[in-house]
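Counting starts at 1 for both ligands and their atoms, following the listed order.
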Amino acid sequence: MSNLADKIKKLKKERQALILVHNYQLPEVQDIADHLGDSLELSRIAAKSDAKVIVFCGVHFMAETASILCPDKKIIMPDAKSGCPMANMITAEDLRELKSRHPKAVVVGYVNTSADVKAELDICCTSTNAVDIVNKLKNAEEIIFIPDKYLADYVSKKTGRVLVSRDGYCPTHVKILPEDIVKSVRKHPQAKVIVHPECTPEVISLADEALSTGKMCKYVRESQAKEFIIGTEVGIIYRLHKDNPTKKFYPATELAICPNMKRNTQEKVLWALEELKEEVKVPDDIRRRAKKSIEKMLEMV
Ligand code: CIZ
Ligand code: SF4
């Protein structure tokens, strides 16, 4: 273990802190994780733990989600500038305007949204449960689904429901092109192709499965296949390798890198623990309303 990692381990104990690390983080950050996972898995671990401090290595909306679920803990980010461009593509004001044009719609929002936007939702969802949730809204006359137009398209195809969406998308996942999949399959004809539902419909149509990161980990673990082409942020490949050392993983493209996810380093985690900064705290009124949308999701799945 590196000197830095030793220092982090020691200080983490003193601070009674837990280090939660998203599947897309750099290998050096994954190596010091107490838990690796997707945003909701990590926030639920935070809520259950008795740690006083949560060091959340991911992007801003994820730390906010942890703050919403555990207001009594101090949630800190090693680099508070790590935002999610997709989440920033819709504001609470934008959503209120959309709702005013569809007053009867049930409002479903992806977890990749700010706390302010979550406060305007009826139901939050993740890429793991979005299809199930929309399937359960049998009586809804109309459904708004924000912010990701590609996830909305995927969910709409899977459920047969028309969804009112907006022009949101993930700048990292759109870097994965249909020709990348075609080329990778030509090179590795035995490999299963698994992509994220934030990819474009053209890419999804060429894949064996469209899966959230949590579901990708499970799929690879349980699959008989030995090789996989991975169509999502490349950081997950380090975890997949570690968890499945006998299997092979090929990124659909090396360009699928989220610069925001890569801002965290071991050095910044150490500074965060030393100074207990930057704290992310969702104000109480927003927190209460946002929490309802998350509770509704947990109730439904
Ligand atoms: O919810 C998450 O962590 C995200 C953004 C992606 C995924 O599929 O896990
Ligand atoms: Fe946001 Fe895309 Fe980065 Fe995920 S990979 S944090 S959706 S920009």
Side-chain angles (χ1 to χ4, degrees), residues 20-26 29-30 33 35-46 56-66 68-69 77 79-90 108-115 117-118 124-133 146-152 154-155 166-176 194-200 203-204 207 209-220 230-240 251-264 293-294 297-298 301:
L20 302 182
V21 174
H22 191 268
N23 293 325
Y24 294 158
Q25 292 284 294
L26 286 175
V29 181
Q30 295 195 25
H35 297 278
L36 272 173
D38 64 31
S39 60
L40 189 67
E41 282 167 357
L42 293 174
S43 287
R44 293 177 92 174
I45 290 168
F56 209 115
C57 302
V59 291
H60 196 261
F61 78 82
M62 299 181 178
E64 278 190 329
T65 307
I68 290 165
L69 291 181
M77 288 184 78
D79 188 326
K81 290 202 185 75
S82 311
C84 167
M86 183 211 281
N88 294 339
M89 287 176 189
I90 186 166
V108 182
Y110 194 22
V111 68
N112 295 37
T113 43
S114 67
V117 168
K118 285 191 180 74
C124 179
C125 75
T126 68
S127 40
T128 298
N129 59 31
V131 170
D132 285 351
I133 285 181
I146 52 99
D148 185 0
K149 64 179 171 184
Y150 295 131
L151 182 62
Y154 173 74
V155 172
R166 271 179 108 253
D167 193 23
Y169 65 94
C170 164
T172 296
H173 282 86
V174 299
K175 294 216 172 96
I176 305 171
I194 54 179
V195 305
H196 198 279
E198 287 171 20
C199 290
T200 63
V203 165
I204 292 177
E209 303 285 344
L211 303 167
S212 67
T213 65
K215 281 194 174 170
M216 279 187 187
C217 294
K218 183 166 185 280
Y219 178 90
V220 166
I230 305 296
T232 191
E233 212 282 342
V234 295
I236 197 174
I237 292 181
Y238 183 72
R239 171 175 179 183
L240 291 172
T253 167
E254 302 274 2
L255 298 178
I257 296 176
C258 174
N260 294 283
M261 281 284 178
K262 303 311 192 211
R263 293 181 72 95
N264 293 324
S293 71
I294 298 175
M297 160 179 75
L298 298 175
V301 293

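Contact of the Met216 side chain with the Asn23 side chain is not registered, since no non-hydrogen atoms from C-beta on lie closer than 4.5 Å. Residues Met86 and Tyr150 fail the side-chain proximity criterion, which asks for heavy atoms closer than 4.5 Å.
Under 4.0 Å from any atom of ligand 1, one finds heavy atoms of residues His22, Asp38, Ser39, Met62, Val111, Asn112, Ser127, His196, Ser212, Thr213.
A donor-acceptor contact under 3.5 angstrom links the side chains of Tyr24 and Thr232, judged on distance only.
When every heavy atom of Pro197 is checked against every heavy atom of Ala210, the shortest pair comes out as CD-C, 4.2 Å. Across all their heavy atoms, Leu69 and Ser43 have their closest contact at CD1-CB, 3.7 Å.
Nearest protein heavy-atom neighbour of atom 4 (Fe) of ligand 2: Tyr24 CE1, 4.1 Å.
Within the model, atoms CD1 of Ile194 and CD of Glu209 stand 8.5 Å from one another, a figure rounded to the nearest 0.5 Å. Taking NE2 from His22 and CD1 from Ile236, the interatomic distance works out to 8.0 Å, rounded to the nearest 0.5 Å.
The side-chain contact (heavy atoms from CB on, under 4.5 Å) check on Thr128 picks up Asp38, Thr126, Ser212, Lys215, with sequence neighbours excluded. By the side-chain contact (heavy atoms from CB on, under 4.5 Å) test, Ala115 is found to be paired with Glu64, Ile68, Val282, Ile286, residues two or more places apart in sequence or in another chain being considered.
Listed for the Lys118 side chain is a donor-acceptor partner under 3.5 Å among the backbone atoms of Thr113.
Shown here are the protein N/O/S atoms lying under 2.8 Å from atom 2 (Fe) of ligand 2, water excluded: Cys170 SG.
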